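Excluded from the calculations below are hydrogen atoms, water molecules and symmetry mates; all remaining heavy atoms, backbone and side chain alike, are included. Everything quoted here is computed from the prediction, not taken from an experiment. Below, chain A is the first sequence line, B the second, and so on; all start at residue 1.
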Protein chains: 2
Amino acid sequence: MALGGEDRQAAARDKILRACWELAREHGLSGFTMRQIAAAVGVRAPSLYTYFTSKHAIYDAMFAEGNAAFRDAVLAVPSSANRREQLRAAAAAFVRFCVADPVRFQLLFQRTLPGFQPSPRSYAPAVEALEAMRAAFAHVGITRPDHLDLWTALVTGLASQQLANDPAGDRWIRLTDAAADMFVALLDQAGAGRTEPGAEDL
Amino acid sequence: MALGGEDRQAAARDKILRACWELAREHGLSGFTMRQIAAAVGVRAPSLYTYFTSKHAIYDAMFAEGNAAFRDAVLAVPSSANRREQLRAAAAAFVRFCVADPVRFQLLFQRTLPGFQPSPRSYAPAVEALEAMRAAFAHVGITRPDHLDLWTALVTGLASQQLANDPAGDRWIRLTDAAADMFVALLDQAGAGRTEPGAEDL
DNA sequence: GTCTATATTTGGATAGAC
DNA sequence: GTCTATCCAAATATAGAC
């Protein structure tokens with residue numbers, strides 16, 4: 001194998017994936033074809049099979065890439081000792097991440113791609129992202145799993161409604177602070193400060 | 001035209017639509033074909049075009065039907081003078097409606113069907129449903145549009161997370177009461193009772 | 001109103017030359 | 001590794017007989 005052969009492979013795979021994201025944004029997550037991908041990168045369709053064994057494998061790689069970006073976005077949220085500030089920043093970052101790329105949101109969080117199941121390999125970044133969220137929440141004293149679940153429902157709901165019903169506007173985006181504050185109020189009421197919560201009702 | 005000709009047409013259309021819902025639940029919203037529909041109702045594919053001009057027209061009819069069911073579900077929520085009880089019931093009814101038919105949820109609220117745009121005719125029931133929600137909220141003193149938007153984000157988020165991440169369980173379903181209570185707390189804090197709210201921040 | 005037959009297009013994927 | 005050529009299957013939709 002020539003020097004840099006693996007790098008060339010990786011670069012080609014990357015070029016293909018970037019073309020796929022662009023095509024997906026233009027034609028929908030399931031609205032682009034192997035021939036279109038090939039045309040976008042300047043080869044013929046069969047050549048793609050040198051780099052990906054199937055179209056499913058391409059979706060799988062996109063899923064991994066999207067989740068890695070999500071994990072990075074979670075890690076990039078500035079950490080604050082103030083719970084309200086921290087959650088406002090987290091909510092804003094999450095909604096921004098989702099709205100920035102609706103197709104990515106659909107692939108990562110809505111799972112509406114018919115028949116698609118990510119491989120364990122591609123699911124790993126998603127686990128890392130969730131762990132990062134868990135750690136950030138623990139940092140401001142939120143440790144109950146059901147609280148985290150309620151949070152993810154709240155912020156994915158904001159993003160989903162924004163994208164589905166006001167894709168060009170900010171009708172739900174501008175509710176992120178209010179949503180975070182509402183959530184904080186629940187915590188303050190349930191937890192009575194910052195003590196470790198017990199088994200009381202959510 | 002023979003007596004009952006229109007009834008026969010309507011009955012045939014209805015039979016086709018019921019087959020479509022069943023196929024969609026089995027194979028996904030975009031995972032069934034005209035031939036499969038035809039086989040399910042006992043005719044050949046071309047015969048379907050007597051009742052629907054295209055597959056898009058079928059989706060359009062499904063969209064209208066789903067929204068009519070949603071409107072009816074909203075109207076069926078028992079009315080309570082107690083705000084908290086009312087919202088708990090509304091949240092539970094909404095999530096139940098969504099989880100009962102994931103494909104319907106996807107068609108009505110997620111809008112991920114590539115290229116699908118409902119006709120004005122089919123959109124009408126959706127407007128009626130939203131108006132019913134607005135009226136129910138007004139009944140317990142909630143009149144601000146942004147409050148209604150936050151509510152829809154909250155409950156669609158619960159349904160979406162439930163379907164995407166725990167389709168066989170109840171991990172988010174069991175958070176509906178807590179979500180409703182959290183929302184009520186926001187109202188009680190923002191509105192200071194039941195007086196007509198002004199322009200204060202959400 | 002339903003059928004057979006088929007037009008037309010398109011999809012993912014493979015064979016084998018170079 | 002890339003290509004041409006093609007397989008094979010399937011899709012929506014239409015034409016025209018009955």
Side-chain angles (χ1 to χ4, degrees), chain A residues 1-21 23-24 26-63 103 107 112-119, chain B residues 1-20 22-24 26-63 107 112-117 119:
Chain A
M1 181 177 299
L3 274 175
E6 288 178 12
D7 282 356
R8 274 186 60 86
Q9 269 266 348
R13 281 175 60 100
D14 198 62
K15 185 177 180 184
I16 291 168
L17 288 180
R18 272 182 283 114
C20 287
W21 282 113
L23 285 166
E26 187 176 359
H27 301 108
L29 194 50
S30 57
F32 61 98
T33 70
M34 297 298 279
R35 287 171 170 81
Q36 287 177 301
I37 302 166
V41 300
V43 298
R44 302 291 181 168
S47 303
L48 297 174
Y49 290 86
T50 300
Y51 305 99
F52 294 96
T53 63
S54 67
K55 195 183 182 186
H56 184 98
I58 292 179
Y59 283 128
D60 201 51
M62 292 172 76
F63 183 83
V103 161
L107 178 62
T112 55
L113 195 57
F116 173 70
Q117 280 289 86
S119 64
Chain B
M1 183 179 297
L3 273 175
E6 290 177 11
D7 283 356
R8 274 188 59 87
Q9 268 267 347
R13 283 176 58 100
D14 198 62
K15 185 176 180 184
I16 291 168
L17 287 180
R18 271 182 282 116
C20 287
E22 192 169 323
L23 285 166
E26 187 176 358
H27 301 108
L29 194 50
S30 56
F32 61 98
T33 71
M34 297 298 278
R35 291 177 215 277
Q36 287 176 301
I37 303 165
V41 300
V43 298
R44 302 291 182 169
S47 303
L48 298 174
Y49 291 86
T50 301
Y51 304 100
F52 294 95
T53 63
S54 67
K55 196 183 182 186
H56 183 99
I58 292 179
Y59 283 128
D60 201 51
M62 292 171 77
F63 183 83
L107 178 62
T112 55
L113 195 58
F116 173 70
Q117 280 288 83
S119 64

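Considering only the side chain of A:Tyr51, D:dT2 comes nearest among D:dT2, C:dT4, D:dA5. In this structure, of D:dC3, D:dA13, C:dT4, it is D:dC3 that holds the atom nearest to the side chain of A:Pro46. Proximity note for B:Val43 (side chain, C-beta onward) versus C:dC3, D:dT2, C:dA13: the nearest is C:dC3.
At a cut-off of 3.5 angstrom, the base of D:dA10 holds no donor-acceptor pair with the side chain of B:Arg35.
Minimum interatomic distance between A:Ser119 and A:Asp60 (heavy atoms only, all atoms of both residues): OG-OD2, 2.6 Å.
Listed pair A:Ser47 / D:dG1 fails the phosphate criterion, with no side-chain N or O lying under 4.0 Å from OP1 or OP2. Taking side-chain N and O atoms only, A:Thr50 has no distance below 4.0 Å to OP1 or OP2 of D:dG1. Between A:Gln9 and D:dG1, a side-chain N or O to OP1/OP2 separation shorter than 4.0 Å is present.
Distance, A:Phe32 CZ to C:dG11 P: 12 Å, rounded to whole Å. Rounded to an integer number of Å, the gap from A:Leu48 CG to D:dT4 P is 13 Å. Separating the CE atom of B:Met34 from the C1' atom of C:dT8 is a distance of 16 Å, rounded to the nearest angstrom. Put simply, CZ on A:Phe52 is 15 Å from P on C:dG12, counting in whole angstrom units. Summarising the geometry, the separation between CD1 on B:Ile37 and C1' on D:dA13 is reported as 13 Å, rounded to the nearest angstrom. Spacing between atom NZ of A:Lys15 and atom P of D:dT2 amounts to 10 Å, rounded to whole angstrom units. In this structure, B:Lys55 atom NZ and D:dT14 atom P are separated by 15 Å, rounded to whole Å. The distance between atom CD of A:Gln36 and atom C1' of C:dG11, rounded to the nearest whole Å, is 11 Å.
Taking the six-membered ring where the residue is Trp, A:Phe32 and A:Tyr59 present perpendicular rings, their angle passing 60° and hence far from 30°.
Between the side chain of B:Arg35 and the main chain of B:Ala45, no donor-acceptor pair closer than 3.5 Å is present.
The shortest side-chain heavy-atom distance between A:Leu48 and A:Lys55 does not fall under the 4.5 Å cut-off. Under the 4.5 Å side-chain criterion, counting only non-hydrogen atoms from C-beta, A:His27 is not in contact with A:Thr33.
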